[in-house]
Amino acid sequence: MKEKELRRSLAVLPIGTVMKLTDLSARQIRYYEEQELVIPERNEGNRRMYSLNDIDKLLEIKDYLADGYNMASIKKVYAQKAAEEERRREKMAQSLSDDAVRKILRNDFVNAGGLNRHSKPSIRNNRTL
DNA sequence: TTTCTAACA
DNA sequence: TGTTAGAA
């Protein structure tokens, strides 16, 4: 379920193809880039290369525009979406940290127990772990 | 031929 | 946004 996302992120489409796929003008597509809504990659010749995800985003923008949204409001929509993603990532990192801590504590406990069987019982205090 | 940047009747 | 000029 991750291989697919990678392919969708591959920038392989030139602006000409994107124009046909989205029915947007090159002028519009480049303008949306100026507005930082869709940032395509650049190939060796400085030509914009878009991914399937970019196509979807452009179509989304097109829909918003059709619904009467202006650039400012569309920007805000994506700004909020980006903020939510950031919070999600923070929580992810947090839970991973917690899990890592538990593993470390568990290892310490096991090691402490093993050592106690063959050495001095000087770390009996660690039983609280 | 296609795309890029920059500018404007 | 459209269109165009001159360069890659």
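All chains are named by letter (A, B, ...) in the order of the sequence lines, taking the proteins before the strands, and each is independently numbered beginning at 1.
Rounded to an integer number of Å, the gap from CE of A:Met19 to P of B:dT1 is 16 Å. Straight-line distance from the CG atom of A:Asn46 to the C1' atom of B:dA6: 14 Å, rounded to whole Å. The OH-P distance, from A:Tyr31 to B:dT3, rounds to 22 Å in whole Å. A:Asn43 places its CG atom 11 Å from the C1' atom of C:dA8, with the value rounded to the nearest Å. When rounded to the nearest whole Å, the span between CZ of A:Arg42 and P of C:dA8 equals 16 Å. Between the CD atom of A:Glu41 and the C1' atom of B:dT3 there is a distance of 17 Å, rounded to whole Å. For the pair A:Ile29 CD1 and C:dG2 C1', the interatomic distance rounds to 14 Å; values are reported in whole Å. Computed from coordinates, the A:Glu33 CD to C:dT1 C1' distance equals 17 Å when rounded to whole Å.
Between A:Glu33 and the options A:Arg42, A:Lys57, A:Arg27, a salt bridge (charged side-chain N to carboxylate O under 4.0 Å, His left out) holds for only A:Arg42. Considering A:Val38, A:Thr17, A:Leu21 as possible partners of A:Ile55, the one that fulfils the side chain to side chain contact (heavy atoms under 4.5 Å, CB included) test is A:Leu21.
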Audit row: A:Tyr78, A:Gln35, side-chain hydrogen bond (donor to acceptor under 3.5 Å, both in side chains) steps and yes/no
CA-CA 11 Å; A:Tyr78 286 111; A:Gln35 303 309 304; over 6 Å; no

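Not one N or O on the side chain of A:Asp63 forms a donor-acceptor pair closer than 3.5 Å with the backbone of A:Glu60. With hydrogens and angles disregarded, no donor-acceptor distance shorter than 3.5 Å links the side chain of A:Lys62 to the backbone of A:Leu24.
For the pair A:Ser25 and C:dT1, the criterion of a side-chain N or O lying under 4.0 Å from OP1 or OP2 is not met. Phosphate proximity of C:dA8 to A:Arg47: absent, as no side-chain N or O sits under 4.0 Å from OP1 or OP2.
Across all strands shown, B:dT3 pairs with C:dA7; the Watson-Crick or G-U wobble distances both stay below 3.5 Å. Both distances falling under 3.5 Å, in either a Watson-Crick or a G-U wobble arrangement, occur for no nucleotide opposite C:dT1.
With the nearest nucleotide of DNA chain C identified for both A:Leu65 and A:Gly45, A:Leu65 has the one nearer the 5' end. Residue order along DNA chain B, read from the 5' end via each residue's closest nucleotide, puts A:Tyr50 first among A:Tyr50 and A:Arg27. Checking A:Arg30 against A:Met71, the closest nucleotide of DNA chain C that is more toward the 5' end is the one next to A:Met71.
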